[in-house]
Protein chains: 2
Amino acid sequence: MFNWDDLRFFLELARRNKLSKAALRLGVEHTTVARRIAALETKLNLTLFKRINRSYQLTDEGRKLLLHAEAMEKNSLSLLSELEQTETNLEGKIRVATPEAFGSQFLAKHCHAFQKYYPGILFELVAETTNMTINRRDADIAITLAKPERGRLKTIKAGSYRLRLYAAPSYLQGHPPIVRLTDLNQHNFIWYVDDLLPIPELHILDKAIQNPNIVFSSTNLTAQANAADKGLGIALLPCFVGDQIQGLTTVLPGELSIMRDLWLSVHEDQSNQPVVDKARLFLSNLIASERRTLIGT
Amino acid sequence: MFNWDDLRFFLELARRNKLSKAALRLGVEHTTVARRIAALETKLNLTLFKRINRSYQLTDEGRKLLLHAEAMEKNSLSLLSELEQTETNLEGKIRVATPEAFGSQFLAKHCHAFQKYYPGILFELVAETTNMTINRRDADIAITLAKPERGRLKTIKAGSYRLRLYAAPSYLQGHPPIVRLTDLNQHNFIWYVDDLLPIPELHILDKAIQNPNIVFSSTNLTAQANAADKGLGIALLPCFVGDQIQGLTTVLPGELSIMRDLWLSVHEDQSNQPVVDKARLFLSNLIASERRTLIGT
DNA sequence: ATTTAAATGTGCAAAAATACACAGGTGACT
DNA sequence: AGTCACCTGTGTATTTTTGCACATTTAAAT
């Protein structure tokens, strides 16, 4: 028997006709789509697509398969809609502490899904730069950038995200071109205020720029992003913020890319509570499945 | 979206109720089944099975899922029956050379599938102990135990198989018990004739047994297997032979297990011929999907 | 009660799948 | 015609999945 999951890839490619387009929607690399399709073709011993003019066009046999794949998709969707029943029996409240930008720009956009599953649970999102201490029960679950060393916590690495330099085209047109890191010396920066937690990877920038010309600073990333969007200068932003803003483009994406880990912690004695457990699963699933938006393109 | 292929595993487990039974039919380890089911459960955020009394029983939600999974299975089956059309346009003949036992006991049992796909192609199976040389065009495709070093051949490692010692219970009851390798000194052996190709892994046996008491020998593995089945002595057999014979049990499976590779070769200038290509794909697919019977339990 | 056999669970090693980086090639727009 | 953006293909590195060996548990049989 062939791998049923390959039909998901087949369907997407049959609809988009481009490896890259299909890959984007499936949340994988284009090479993965190509290889899964190739595997399906050899397994079924059929040619499903003709590769012409950099586009994948269905063959006659591919069209036959499409009908069956669509039927299976219908099944999978009806399955989800039937089983994705809300758990109204669970009631209570969960407080989740996250870094400011992660909470306000990423997690907030997905809380509706949690609400749909568990309408009885109040989801409290504490997204602040101040370091909330989960130990003092300020929050039931904490997502942090550094692994908490102390406290009786269950901590797992939930995922990673990337930071890049972003600027508005309007800014870039009015300023000297940037082709290497040292060119940044002549540019304006939007930056954090000093008391942010130190990011070790920033020494790359420190070496290249002796005296950064900081024209605006804030503890609030959304403020920085909005300032950059208006052409004030160059900002260091998480990709899940910068990529979402149409008016921003990356600066030196090849030279500067900072990866940071996301840690998810719960109290040892709270980890078995149903409400806490469901929220924990929701968060780690979310971070895993949205990996692509957190890492950026 | 969840992994559609996990539903195949779910279906099998829902029907067999045991990890090990489902694993056997799926051709994987029981741990893999357990992990795929666990992955599906966390992805769907449901409990599909209750683990009671070492058996997996469907929950209510699991039963709901079963209906959808069965529907998807129907689709996948109808898909196969529609697309698995015979290619009557391909005509010709293909000669495949293999080791004797592999050809007569394994490949011969699967040739009907090839015939079904390609009714126009005559499949000639040359299963002999004499080393056929593919270079002289005695065969179009060769499956060998050693990688051919010379000749303009395209060779890939197609898979592996295992050898074990086998004996009939009737023999074992009438002879001293065997708990370690040295106990074999007091036993009767069914063996190859001397000119068989040397198997380096056999030095383990050579060390344990100074003077093996060989009571019967043959170049033909089927003859050896039949002799062993009748209680003549202990034989070294491929698992795909020994495991198929109800009357044989393994001897010292923990102490003696020999793995050998299977190599598949075609001529460089023949590799693009449709008939040769289809046969090559058929053989490598077959060896891959029957991995479990070749490796044994 | 003891033994035996069969089933599930766990940690580690091997294998496979995937991402990543880069090369090459094609069409679109100057 | 040349440049540019975009898409696909190939080889390597990383991550994930799977297999394997072993521990543990439970039911059945002596």
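Quick note on labels: first sequence line is chain A, next is B, and so on, each numbered from 1.
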May I have the step-by-step check of salt bridge (Lys or Arg N to Asp or Glu O under 4.0 Å) for A:Arg292 and A:Glu29, ending in yes or no? CA-CA 10 Å; A:Arg292 214 73 207 179; A:Glu29 281 292 311; 2.5 Å; yes
Select base, sugar-phosphate, or nothing to describe what B:Thr31 touches, counting heavy atoms under 4.0 Å on all strands. base
5'-most contact on DNA chain C (nearest-nucleotide basis), B:Ser20 vs A:Phe9, goes to B:Ser20
Is the count of non-hydrogen atoms from other residues, nucleotides or ligands lying under 6.0 Å from B:Arg25 atom CZ greater than 12? no
Map A:His30 and A:Arg54 onto DNA chain D by nearest heavy atom, then report which one ends up closer to the 5' terminus. A:Arg54
Answer yes or no: are there more than 12 heavy-atom neighbours, outside A:Arg51 itself, under 6.0 Å from its atom CZ? yes
What's the CG-P distance between B:Asp5 and C:dA17, to the nearest Å? 11 Å
Test for a donor-acceptor pair under 3.5 Å between the base of C:dA7 and the side chain of B:Arg51, counting only N and O atoms. no
Using whole Å, what does the distance between atom C1' of nucleotide D:dT18 and atom CG of B:Leu19 come to? 15 Å
Pick one: which of A:Asp243, A:Thr250, A:Asp229, A:Thr249 meets side-chain hydrogen bond (donor to acceptor under 3.5 Å, both in side chains) with A:Tyr166? A:Asp243
If I take atom CG from residue B:Leu40 and atom CH2 from residue B:Trp4, how far apart are they, to the nearest 0.5 angstrom? 13.5 Å
Rounded distance in Å - OH (B:Tyr56) to C1' (C:dA7): 10 Å
For B:Arg35, which contact category applies under a 4.0 Å heavy-atom criterion: base, sugar-phosphate, or nothing? base
Below the 4.0 Å mark, does D:dC7 have OP1 or OP2 next to a side-chain nitrogen or oxygen of A:Lys21? yes
State, with a plain yes or no, whether a side-chain heavy atom of B:Arg280 is found less than 4.5 Å away from one of B:Ile141. yes
Separation of D:dG9 atom P from A:Glu29 atom CD, nearest Å, is 14 Å
note: B:Asn3, atom CG; D:dT16, atom P; distance rounded to Å ~ 15 Å
If you check the A:Arg36 side chain, which of D:dT8, D:dC20, C:dT18 turns out closest? C:dT18
Distance col, row A:Asp6:CG vs A:Arg35:CZ, nearest 0.5 angstrom, shows 13.0 Å
Give the angle between the helix axes at the two ends of the helix from C:dA1-D:dT30 to C:dT30-D:dA1, taking five base pairs at each end and rounding to 10°. 30°
Taking the minimum atom-to-atom distance to the side chain of A:Arg291, which one of C:dA19, D:dT18, D:dT8 wins? C:dA19
B:Asn53 has an atom CG; how far is it from atom P of C:dA6, in whole Å? 17 Å
Would you kindly give the CZ-to-P distance between B:Phe49 and C:dG9, to the nearest whole Å? 12 Å
Between CD1 of A:Ile52 and C1' of D:dG9 the distance, given in whole Å, is 17 Å
What's A:Arg292 touching, base or sugar-phosphate or nothing? Going by heavy atoms closer than 4.0 Å. sugar-phosphate
